[in-house]
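What follows is a short report on a single structure.
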Amino acid sequence: MEKRLGRDFYRQDVVSLSRALLGKIICVRGDEGLKRARIIETEAYGGANDKAAHSYNNRRTARTEVMFWDGGHVYVYLIYGMHYLFNVIANRENIPEGVMIRCARALEGNLVLNGPGKVTKYLGIDRKHYGLDLTKADNIYMIDDDYPVGEIFAGKRINIDYAGEDKERLWRFYLKK
DNA sequence: GTACCGATGTTCT
DNA sequence: GAACATCGGTACC
């Protein structure tokens with residue numbers, strides 16, 4: 001059975017949500033029709049106390065604004081001038097936490113999207129999705145189809161050398177290939 | 001497998 | 001003006 005994930009699902013702390021999102025399906029409707037991908041790797045970005053997060057120390061700017069919104073909103077930003085990264089906002093209003101989707105598998109063709117920039121490129125996610133609500137939007141949402149996830153592995157997050165001791169946190173979660 | 005490199009544009013200091 | 005939650009390429013081992 002397939003069902004759309006609702007608000008309560010997203011209102012978890014960011015580490016719990018990062019694990020819970022594994023195996024779920026991202027659906028995006030765009031110019032080329034419906035694209036879907038199953039999440040197989042995530043990273044948690046904590047709020048005020050995580051030096052790796054854009055919202056570290058509750059930094060609130062035009063870019064990080066959506067991180068302070070209720071769980072289930074979409075945070076998209078451009079990195080290195082060419083790649084959009086897709087994040088799912090966790091927890092509740094004014095607790096700025098987000099889950100980065102690092103790796104997924106396209107349902108159409110079984111293509112492996114091994115990198116956050118490849119995930120957004122395949123799905124067609126860009127700045128127009130910034131701030132949308134995954135529980136309400138008709139062009140971007142998440143589906144639970146009761147996929148058997150199996151064992152979840154954990155490791156250090158990637159490319160956050162600037163984060164000091166927080167780079168040691170085991171906040172990357174993934175399923176076996 | 002690891003190591004570097006350039007491309008590219010927005011954000012924040 | 002520096003930094004950046006990346007990628008695809010080349011080089012080498």
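Residue numbering restarts at 1 for every chain, and letters A, B, ... go by the order of the sequence lines.
There is no path of hydrophobic side-chain contacts, each under 4.5 Å, that joins Val15(A) to Ile89(A).
Contact annotation: Arg172(A) does not reach the phosphate of dA5(C) (side-chain N/O to OP1 or OP2, under 4.0 Å). Put simply, Asn159(A) has no side-chain N or O that comes within less than 4.0 Å of OP1 or OP2 on dA5(C). A close approach under 4.0 Å does occur between a side-chain nitrogen or oxygen of Thr61(A) and OP1 or OP2 of dC12(B).
At a threshold of 4.0 angstrom between heavy atoms, the contacts of Arg102(A) are confined to the sugar-phosphate backbone, with no base atom among them.
Not counting sequence neighbours, Tyr147(A) has no partner by the ring-ring contact (aromatic ring centres under 6.0 Å, His included) test. Under the ring-ring contact (aromatic ring centres under 6.0 Å, His included) criterion, Tyr77(A) pairs with His54(A), Tyr75(A), sequence neighbours left out.
Remark: Arg102(A) is not positioned above the aromatic ring of Tyr174(A), lacking an NZ or CZ atom under 6.0 angstrom from the ring centre and at most 45 degrees off the axis. A cation-pi arrangement, defined by a distance under 6.0 Å to the six-membered ring centre and an angle within 45 degrees of its axis, is absent between Lys121(A) and Tyr84(A).
DNA chain B is contacted by Arg63(A), Leu78(A) of residues 63-79 of chain A, taking any non-hydrogen atom closer than 4.0 Å. A heavy atom closer than 4.0 Å to some atom of DNA chain C occurs in Tyr45(A), Ala52(A), His54(A), these being the qualifying members of residues 43-59 of chain A.
Using a cutoff of 4.0 Å between basic side-chain nitrogens and carboxylate oxygens, Asp133(A) and Arg7(A) are scored as salt-bridged. Note on Arg11(A) versus Asp70(A): salt bridge recorded, some NZ/NE/NH1/NH2 to OD/OE distance being below 4.0 Å.
Whole-Å rounding puts the Glu41(A) CD to dT6(C) C1' distance at 14 Å. Taking atom NZ of residue Lys121(A) and atom C1' of nucleotide dG8(C), one finds them 10 Å apart after rounding to whole Å. Spacing between atom CZ of Arg169(A) and atom P of dA5(C) amounts to 16 Å, rounded to whole angstrom units. In this structure, CH2 of Trp171(A) is placed 14 Å from C1' of dA5(C), rounded to the nearest angstrom. Rounded to an integer number of Å, the gap from Tyr80(A) OH to dG8(C) C1' is 15 Å.
Within a 6.0 Å radius of NZ in Lys167(A), other residues, nucleotides and ligands contribute more than 12 heavy atoms. Atom NZ of Lys136(A) has 12 or fewer neighbouring heavy atoms from other residues, nucleotides or ligands inside a 6.0 Å radius. Atom CD of Glu168(A) has more than 12 neighbouring heavy atoms from other residues, nucleotides or ligands inside a 6.0 Å radius.
For the residue pair Gly46(A) and Ser55(A), the shortest heavy atom distance occurs at O-OG, 3.6 Å. Nearest heavy atoms, Leu170(A) versus Phe173(A): O-CZ, 3.5 Å. Residues Gly98(A) and Val14(A) share a closest heavy-atom pair of O-CG2, 3.3 Å. When every heavy atom of Gln12(A) is checked against every heavy atom of Ala20(A), the shortest pair comes out as NE2-CB, 3.7 Å.
Residue whose closest nucleotide on DNA chain B sits further toward the 5' end, between Arg127(A) and His83(A): His83(A). Nearer the 5' end of DNA chain C, as judged by each residue's closest nucleotide, is the contact made by Ile158(A), out of Lys118(A) and Ile158(A).
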List, with names and distances, any nitrogen or oxygen atoms from the protein found under 3.5 Å away from nitrogen or oxygen atoms belonging to nucleotides 4-6 of chain B.
none

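Stems are defined here as 3 or more consecutive Watson-Crick or G-U wobble pairs with pairing distances under 3.5 Å; those involving DNA chain B are B:1-7 with C:6-12, B:9-12 with C:1-4.
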